[in-house]
Structures are given as C-alpha cells and as structure tokens.
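So the structure is just underneath, and the comments pick up after that.
Note on naming: letters A, B, ... go to the chains in the order of the sequence lines (proteins, then strands), and numbering restarts at 1 for each one.
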2 protein chains.
Amino acid sequence: MAKLTIQRQTILNLINASNQHWDADELARELIIRGHKIGIATVYRGLAALETDGLVNSVQLADKKRYERAVKKHHDHMVCTKCGSIEEFANDTIEALQKVVAHEKGFQMSGHQLILFGCCARCGQQS
Amino acid sequence: MAKLTIQRQTILNLINASNQHWDADELARELIIRGHKIGIATVYRGLAALETDGLVNSVQLADKKRYERAVKKHHDHMVCTKCGSIEEFANDTIEALQKVVAHEKGFQMSGHQLILFGCCARCGQQS
DNA sequence: GTGCGAACGATAACCATTATCGCTATCAAT
DNA sequence: ATTGATAGCGATAATGGTTATCGTTCGCAC
Ligand SMILES: [Mn+2]
Ligand SMILES: [Mn+2]
Ligand SMILES: [Zn+2]
Ligand SMILES: [Zn+2]
C-alpha cells in the first residue's frame, strides 16, 4: 500500500467525483485550474500507485491510458471513432466465455481488455 | 488501392510466409538481414497501406502495433505477460454478443479488440 | 525525352510516458 | 528538538513508437 499523499488524494478525489475517463494530462490541467500545484510526473506516478492499490482503474487505448473510478463494477468500453466518446457496457456471458477460452488453452488469465469501435448513437444519426 | 511497390511486396511476402505478429522494427531488421535495403519510414507507410487494402491485419497492443497475415480468419489474442508470446483464439458466441451489445446501445460497431492477458501454458507451469 | 505524381530514405518532429536528480516532507529513533 | 533514512515531489531530460518533412527517385503517360 503506497502512501496516500496530498497529491494522490487530490487526484483520487477528482476521479471519484466524476464519471469520466481521464488521461494524465487532463487531470494535471484540471488540478492546476482548481489551484492545486502539481507536476505532471507526480500525476503519472500517482495514477500508477493508485491503480496498483486498486483505487482507480484504467483503460489502455491505442494512444494513451485513461483512468476512471474503481468503485464501479467491472465493465468494458465502446469508443466512438468520430467524437471519441466512451460508453460502458457489461455482459456476463462474454466474461464467462473468456475464462472458458483461456482455460481451454491452458492460459491462466489475469485480465482482459475488450473495446468495441464504431459510431455512437449521437454521431451515427447525423453521418 | 495503393500501389504495391517492391518494398511493400517484400513486407507482405515476409508477413505471409510467417505466422508471427510483427512490429515495424522487427520487419525492418529482418528485411535488412535478408539483403533488402528499406527505410523504417517505408515500413511504417507500407504497413499502413497494406492494412488499408486489407492485405495485412494488425493488433494494437499497449505499446506498439503488430501486424500479421490477413489470410487467416478472424480471431482475437491472448498475450502472455511473462514471455510476451501471443496465442490466437476465436469464439463465435463472443463475436455475436458484441454485436448484440453494440446494437442495444445504438452503437454502429465497425470493429473490436479483445485481448486476454495472463500466463501462457509454458510459463504457467514453471512459475 | 519530359513531366507528373506517388513512393522512397534519411532524419527531424511529435507525444505519451518514464527516468533522473536535487530537494523536501514524513516519521521513527535517539 | 535533532538526526537520518526513506518515499515522494517537481522540473526536466530521455525514451521509444510513430508520423511529418523534404529532397530525391521511380514508374508511367504523353
Ligand atoms: Mn469505464
Ligand atoms: Mn493473430
Ligand atoms: Zn460519437
Ligand atoms: Zn508465456
């Protein structure tokens, strides 16, 4: 359990008070705006520490990693390739089948990442 | 349909003759070894062009993109977090459920990416 | 042969992330 | 309270995969 410093608490509070999927830079900028002096390296280190301790979760997108509250139950993501918005979904059958597939191959699964790409409802209408 | 230059044919041949998941650098190095003079930028451009034309497929991993033959039927990947090896699997039910989920959310799915992380059979035994 | 457009190769730029390093905050032991 | 060890901070340099730039070259129509 790494130390929960002021800086890390501030990061955690911001994430927990929102429903977004933040990247490190967005978090740093928002914290600066709110008057919290914090270095970008500290944000990266803090996020890594918070994730290790299970206090935040992350989604690894193609270009960057995004962080979100850990208090939500497990879900995967749909990313709109037009507007970049992220929606969440959960499907127990998919989750179960992943474990089955892994087991069949003698693979000890420790995690997974499922991302659907496409056009969200908002963007799809106007195309 | 972009032009299939000598360089791109060489890249394509190498990928098609193998069963690996190559990154750009590995391809460039292997081509150089085999006596084909080719610039790294050309490899990147060539891979992008080949993928656009459906002649190769790619897997976006956390750090880098890897390319493989397009002649195989669709599958997803299991990545060993110890040795980095990549195994393939396919599950029609998972594929179908993804479409169902997307449709439920009014999401027009154009693609997806499913990666299982964990310990492969080889690495799992010795741990 | 000349001209044009696409692609090439070398290399600089980009950008998210990580490493470095001097400094500071924390805290236990004296 | 002072010391010393340790962890974290902040500024900034470095890293590494990828993309942009630019002058040159290739393929091909005229
Ligand atoms: Mn989420
Ligand atoms: Mn594959
Ligand atoms: Zn959208
Ligand atoms: Zn392995």
Side-chain angles (χ1 to χ4, degrees), chain A residues 1-15 20-53 55-68 77 79 81 84 86 113 115, chain B residues 1-15 20-53 55-68 77 79 81 84 86 113 115:
Chain A
M1 208 63 165
K3 202 180 296 186
L4 197 56
T5 62
I6 299 288
Q7 289 87 348
R8 292 176 186 178
Q9 285 174 41
T10 318
I11 295 171
L12 184 56
N13 287 341
L14 181 48
I15 292 176
Q20 316 177 29
H21 300 80
W22 300 84
D23 67 36
D25 200 56
E26 287 168 354
L27 282 164
R29 273 206 311 278
E30 182 61 28
L31 290 176
I32 296 291
I33 288 173
R34 300 192 182 190
H36 300 100
K37 177 171 164 317
I38 191 170
I40 183 65
T42 303
V43 175
Y44 276 104
R45 280 182 301 228
L47 286 170
L50 290 171
E51 183 171 28
T52 298
D53 294 344
L55 299 177
V56 301
N57 286 146
S58 71
V59 206
Q60 173 70 57
L61 300 184
D63 48 342
K64 61 178 64 163
K65 212 168 178 181
R66 292 188 168 275
Y67 291 83
E68 64 177 321
H77 297 95
V79 179
T81 49
I86 300 179
Q113 175 179 87
I115 302 177
Chain B
M1 208 64 165
K3 200 180 295 184
L4 196 57
T5 63
I6 299 288
Q7 289 85 351
R8 292 177 186 177
Q9 284 174 43
T10 318
I11 295 171
L12 184 56
N13 287 340
L14 181 49
I15 292 176
Q20 317 179 27
H21 300 82
W22 300 83
D23 67 36
D25 200 57
E26 287 167 355
L27 282 165
R29 271 206 312 277
E30 182 62 28
L31 290 176
I32 296 290
I33 287 173
R34 299 192 184 191
H36 302 282
K37 176 170 163 317
I38 191 169
I40 183 65
T42 303
V43 174
Y44 275 105
R45 279 183 301 231
L47 287 169
L50 291 170
E51 182 170 30
T52 298
D53 294 345
L55 299 176
V56 300
N57 285 146
S58 71
V59 206
Q60 173 70 58
L61 301 185
D63 48 341
K64 62 178 63 163
K65 213 169 177 180
R66 292 188 167 274
Y67 292 84
E68 64 177 321
H77 297 95
V79 179
T81 49
I86 299 179
Q113 173 179 89
I115 302 177

- Note, A/Y67 side chain near A/L50 side chain (heavy atom, < 4.5 Å): no
- B/V79 side chain reached by B/T81 side chain, heavy atoms, under 4.5 Å: no
- Hey, does the side chain of A/Q113 reach the backbone of A/V59 with a donor-acceptor pair shorter than 3.5 angstrom? no
- Note on the structure: Applying side-chain hydrogen bond (donor to acceptor under 3.5 Å, both in side chains) to B/S58 and not counting sequence neighbours gives B/E51
- Query: Do any pairs count as a salt bridge (charged side-chain N to carboxylate O under 4.0 Å, His left out) and have a residue in residues 3-12 of chain B, sequence neighbours left out, and if so which ones?
  - Reply: none
- Task: Ignoring backbone atoms, test whether A/Q7 places a side-chain nitrogen or oxygen under 4.0 Å from the OP1 or OP2 oxygen of C/dA25.
- Result: no
- Message: Under 4.0 Å, heavy atoms only, any strand: does B/T5 hit a base, just the sugar-phosphate, or nothing?
- Response: sugar-phosphate
- Note on the structure: Of C/dG9, D/dT18, D/dG8, the nucleotide closest to the side chain of B/K37 is C/dG9
- Counting only side-chain N and O atoms of B/Y44, is one of them less than 4.0 Å from OP1 or OP2 of D/dT19? no
- Output all residues satisfying salt bridge (charged side-chain N to carboxylate O under 4.0 Å, His left out) with B/D53, sequence neighbours left out; order by chain, then residue number. none
- Task: Looking only at side-chain atoms of B/R8, point me to the closest of C/dT17, D/dC9, C/dC8.
- Result: C/dC8
- What's the CG-P distance between A/L4 and C/dA25, to the nearest Å? 18 Å
Donor-acceptor pairs under 3.5 Å, side chain of residues 34-49 of chain B to any protein atom, not counting sequence neighbours: which ones?
unit_1 : atom_1 : unit_2 : atom_2 : d
B/R34  : NE     : B/E30  : OE2    : 2.7
B/R34  : NH2    : B/E30  : OE2    : 3.2

- Message: Just to verify, what does B/N13 make a side-chain hydrogen bond (donor to acceptor under 3.5 Å, both in side chains) with, not counting sequence neighbours?
- Response: none
What nitrogen or oxygen pairs link the protein and nucleotides 19-22 of chain C at under 3.5 Å?
none

- Considering only heavy side-chain atoms of A/I40, the closest of D/dT12, D/dG10, C/dA7 is D/dT12
So which protein nitrogen or oxygen atoms get under 3.5 Å of nucleotides 23-30 of chain D's nitrogens or oxygens?
none

- Message: If the condition is ring pair (Phe, Tyr, Trp, His ring centres under 6.0 Å), which residues does B/H77 pass it with, not counting sequence neighbours?
- Response: B/H21, B/H75
- Message: The criterion is salt bridge (charged side-chain N to carboxylate O under 4.0 Å, His left out); which residues satisfy it with B/R66, sequence neighbours excluded?
- Response: B/D23, B/E26
- The correct set of residues in residues 21-36 of chain A placing a heavy atom under 4.0 Å from DNA chain C is none
